[in-house]
Number of protein chains: 2
Amino acid sequence: MKIEILTRTENQEIQNEIISKIRDLMNYKNLEPGDKLPSERMLSEKFSVSRSNVREAIQKLEFYGLLVSKPQSGTFVADIGQVAMNGMIEDILRLKEPDFKSLVETRILLELKAVRLAAQRRTEQDLIQMKKALEAYSEKAKNGEDAVQEDLLFHLAIAKASGNSTMNTFMLIITPEIITKFEEHHVCDKGLAFMGIQEHQDIYDAIEVQDPQLAKEKMKVHFKTLYQYCYNI
Amino acid sequence: MKIEILTRTENQEIQNEIISKIRDLMNYKNLEPGDKLPSERMLSEKFSVSRSNVREAIQKLEFYGLLVSKPQSGTFVADIGQVAMNGMIEDILRLKEPDFKSLVETRILLELKAVRLAAQRRTEQDLIQMKKALEAYSEKAKNGEDAVQEDLLFHLAIAKASGNSTMNTFMLIITPEIITKFEEHHVCDKGLAFMGIQEHQDIYDAIEVQDPQLAKEKMKVHFKTLYQYCYNI
DNA sequence: CAGACCAATCTGGTTAACCAGTTATAATTA
DNA sequence: TAATTATAACTGGTTAACCAGATTGGTCTG
């Protein structure tokens, strides 16, 4: 059989096509929660695609919690009904690549909440880690060096201290994309780093004394100086 | 070679082991952004694991934006520095499975923001979709039927109308897990659905007249009745 | 006739072989 | 000798073959 090398977007497209065919099949066969999907081999034949393509599509639907694969047994429809299934697949198919604006918007939202939770829940262990990240940042920023990475680690330490694993995961997902975009647009070159030292210290202090409201305010200040140059991105 | 069937968690563990070995390798070889990782075959031999395991680990790091694979060329270190790389990998390795409490906490946070954005940015198209979901919900709830799915679709329609693709994605990720947990604990059996009709209508109306503050308040009311039975989960 | 048992089949997961660009190296030429 | 071309090795992606547990249908036994 002929092998073709596909670009990322081409691969995405045929994967979406398979997902939509799986949806049609589930509707046609009137599959309900717990029912078994046809085997991967059968699907690959029916759709005239490779089995690995089918596997990828199934794994994506598994990631969103719509299917469950059991080894040596089969792939099963998850415990959400047909209406929700159709709606969610529709949304997944229409999902766009996240733009920078939406990333920043979501980051601010998550961090303002995370810092409040961190102020309430931080353990001594959390404080130690945050202080460590804070000092690494200060050290670099004082010497005028680029400290984007150390900045990032301080913020991730806060997310961890929030005690909310879901928010922690989401922060991990969006952070590298933001960093990349930042460096593309040279956001952090303009001597912002030095101002950041005091702002970080303020945030840390508020978390240490467990003052959620103050911590949130200080984080807001930090973001204001960070993103005031970003309007034209 | 002997083939072993692994459980999900066992697989997760050896994957984390590989990730930590990759991190050690990057540190030892002092790899910088843009540098090429050893080939998948070489890594699988060096770590004494299968190539597919290595591929999975790499794909996970790719998901978090730490590596970039280029077909017929190699896998490269992403454009974030060594310090950030180490910190992020550390976080990824320590990442826990999200608990129900953190899921709900994050859902409320995301939806309260999404509904405000939706009130500001909703298009006519968005209104149509939300109204459709709303009517489907009312229809079922009036008859006393279970309407968890229709409820979910209404909330996802709001997330879409927020115009923030990142938040939309995150909502899609957490929603099915919440639904499953809900049905496990029979949260929605107690005649909540009927009250929900008016609450949904209020939210819709606020979005239609583009009043962000009101929309947020109405969403808060909705969540209050929803989650008042959840404290003991 | 009902229930236990067994073999053939089917399943997702795993491994190995293969493909076609990419890249590094060596041979060639101006 | 330096630039250029040709060739061989290497790479991630793809396909096909294989594995062992799960399932199923029929058979045998009580």
Open item on the list: When you compare the side chains of B:S165 and B:N168, does any donor N or O come within less than 3.5 Å of an acceptor on the partner?
Closed with: no
Considering just the side-chain nitrogens and oxygens of [X], establish if one lies under 4.0 Å of OP1 or OP2 belonging to [N].
{"X": "B:S73", "N": "D:dC10", "result": "no"}
{"X": "B:T75", "N": "D:dG12", "result": "yes"}
{"X": "B:S50", "N": "C:dT15", "result": "yes"}
{"X": "A:S39", "N": "C:dT11", "result": "yes"}
{"X": "B:R51", "N": "C:dT15", "result": "no"}

Open item on the list: Quick check: do A:P98 and A:E177 have side-chain heavy atoms less than 4.5 Å from each other?
Closed with: yes
TODO: Assess whether one donor atom and one acceptor atom, taken from the side chain of B:R41 and the base of D:dG12, lie less than 3.5 Å apart.
DONE: yes
Task: Distance, nearest 0.5 Å, that separates OG of A:S102 from CD of A:E105 - done: 7.0 Å
Rounded to the nearest angstrom, tell me the gap between atom [atom1] in [X] and atom [atom2] in [N].
{"X": "B:K70", "N": "D:dC10", "atom1": "NZ", "atom2": "C1'", "answer": "17 Å"}
{"X": "B:Q59", "N": "D:dT14", "atom1": "CD", "atom2": "P", "answer": "10 Å"}
{"X": "B:D35", "N": "D:dT11", "atom1": "CG", "atom2": "P", "answer": "15 Å"}
{"X": "B:E40", "N": "C:dT15", "atom1": "CD", "atom2": "C1'", "answer": "14 Å"}
{"X": "B:E56", "N": "C:dT14", "atom1": "CD", "atom2": "C1'", "answer": "10 Å"}
{"X": "A:L37", "N": "C:dT11", "atom1": "CG", "atom2": "P", "answer": "11 Å"}
{"X": "B:N11", "N": "C:dT14", "atom1": "CG", "atom2": "C1'", "answer": "11 Å"}
{"X": "A:E45", "N": "C:dT11", "atom1": "CD", "atom2": "C1'", "answer": "16 Å"}

- [ ] State which of C:dT11, D:dT11, C:dT15 makes the closest approach to the side chain of A:M42.
- [x] C:dT11
- [ ] Go through C:dT15, C:dT22, C:dG12 for me and flag the one nearest to the A:Q72 side chain.
- [x] C:dG12
TODO: Look at atom CD of A:E139 and say whether more than 12 heavy atoms of other residues, nucleotides or ligands are closer to it than 6.0 Å.
DONE: no
Task: Ring geometry between B:H222 and B:H155 (parallel below 30°, tilted from 30 to 60°, perpendicular above 60°) - done: parallel
